[in-house]
Structure formats: C-alpha cells, structure tokens
Amino acid sequence: MSLSGNVTLQPGVYVVQGGMKVNANAVVAGSGVTIFMAGSNTVSMNGNAKVTLSAPTSGTYSGVLFYGDRTGTTAQSTFNGTAASLLTGAIYFPRQQVNYLGNFSGNGGCTQVVADTIQWSGSTTIKQDCTSLGMKNIPATQSVQLVE
C-alpha cells in the first residue's frame with residue numbers, strides 16, 4: 001500500500017498484506033480506522049506527509065489505530081510526521097521496533113504506543129490517558145528504562 005496525494009480512508013478495518021508507505025507531501029486522513037499489518041509487514045511514514053488518523057471509539061477495535069501481527073518476525077515500523085500530523089489511538093507492534101520520529105503535535109489527540117522497543121526523536125508530545133476520547137486506558141507506569 002503506497003499512499004500519495006490526498007487520501008481519505010473510510011471508517012473500517014484495513015488488512016495490509018505488504019508494507020504500508022505514506023509518501024512525501026501526501027495528505028492522509030481517516031476517522032474510525034484500524035490498520036492491521038499482517039505478518040512482518042511494516043509502516044513507513046515520510047516526514048513531509050500530513051497524516052491525521054483516528055481509531056474507532058466503539059466496537060471490537062475501539063482505540064486501536066495500528067495493529068501489528070503477533071506472529072510476525074522482528075521488523076521496524078517508522079512513524080515520521082509533521083507538526084500538523086495527528087495519530088489518535090494505539091499503535092500496537094509487539095514484535096517490532098517502533099520509530100516515532102519528527103514533530104507530531106498530538107494536540108487534541110492521544111497516541112498510545114506498545115512495541116517490542118520504541119525509539120523517540122523530534123519534538124513529539126504523547127498523551128497516555130485516552131479515556132476522554134472513548135478509548136480504553138492502557139495501564140502503565142510512567143518510566144524510562146535503559147537496557148544494554
């Protein structure tokens with residue numbers, strides 16, 4: 001799945017059987033969207049793209065924006081956004097490293113990241129408690145841990 005230009009995703013579950021790439025200068029929007037990445041497939045968002053996506057607030061996939069296959073092998077997905085980009089929902093990749101880069105504002109939204117490992121870079125703001133948006137809370141202690 002390669003997204004260019006102006007793309008609007010309708011509410012629903014999208015099953016991606018290959019990589020998902022959001023190209024430079026793309027404008028991607030969608031509300032009530034869950035994207036399931038089958039196998040070890042990855043997400044790659046270009047830093048010059050404006051991406052505004054939100055997860056459903058009810059139903060089976062309430063609060064889940066990206067769901068990485070639990071049976072996949074080790075891989076890396078990269079979310080690189082501009083200050084105008086906004087991801088609202090959980091990014092769940094239990095078998096992958098998530099690189100959350102760029103200048104995601106998070107203003108008015110909420111992003112929860114669950115991954116094997118996470119790399120943060122840029123001036124990203126993350127809000128963990130998303131219950132006000134109709135999403136379930138992911139109970140977690142707020143801590144940072146360095147491991148060698």
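One hydrophobic cluster holds both L3 and V33 under the rule that ILVMFWY side chains link at heavy-atom gaps under 4.5 Å.
One distance of note links CZ of R95 with OG1 of T74; it measures 5.5 Å at 0.5 Å rounding. With rounding to the nearest 0.5 angstrom, the CG atom of L65 is 5.5 Å from the CG atom of L53.
Remark: of the listed residues M37, K21, M20, M20 is the sole one forming a side-chain contact (heavy atoms from CB on, under 4.5 Å) with M1.
Using a distance-only test at 3.5 Å, with no hydrogens or angles considered, a donor-acceptor pair links the side chain of T111 to the main chain of L87. S31 places no side-chain N or O within 3.5 Å of a backbone atom of S54 that could act as its donor or acceptor partner.
Pairs of residues two or more places apart, or lying in two chains, that qualify as side-chain hydrogen bond (donor to acceptor under 3.5 Å, both in side chains) and include a residue from residues 38-47 are S40-T73.
For the ring-ring contact (aromatic ring centres under 6.0 Å, His included) test, no residue two or more places apart in sequence or in another chain qualifies with Y61. Every side chain to side chain contact (heavy atoms under 4.5 Å, CB included) that Q97 has, sequence neighbours left out, goes to Q76, N99, T117, Q119. Residues satisfying the side chain to side chain donor-acceptor pair (under 3.5 Å) test with T71, not counting sequence neighbours, are D69. A search for ring-ring contact (aromatic ring centres under 6.0 Å, His included) contacts involving F93 returns nothing, not counting sequence neighbours.
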Evaluation steps, side-chain contact (heavy atoms from CB on, under 4.5 Å), between L101 and W120: CA-CA 6 Å; L101 315 171; W120 303 102; over 6 Å; no
For residues 4-17, please give each side-chain donor-acceptor pair under 3.5 Å, one per line with the distance, not counting sequence neighbours.
| residue | atom | partner | partner atom | Å |
| --- | --- | --- | --- | --- |
| S4 | OG | N23 | ND2 | 2.9 |
| Y14 | OH | Q10 | N | 2.9 |
| Y14 | OH | Q10 | O | 2.7 |

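The two residues G89 and A55 come nearest to each other via the heavy atoms CA-CB, 4.1 Å.
Looking at heavy atoms from C-beta onward, F79 lies out of side-chain contact with V51 at the 4.5 angstrom threshold.
The six-membered or imidazole ring of F36 lies away from that of F66, with a centre-to-centre distance of 6.0 Å or more.
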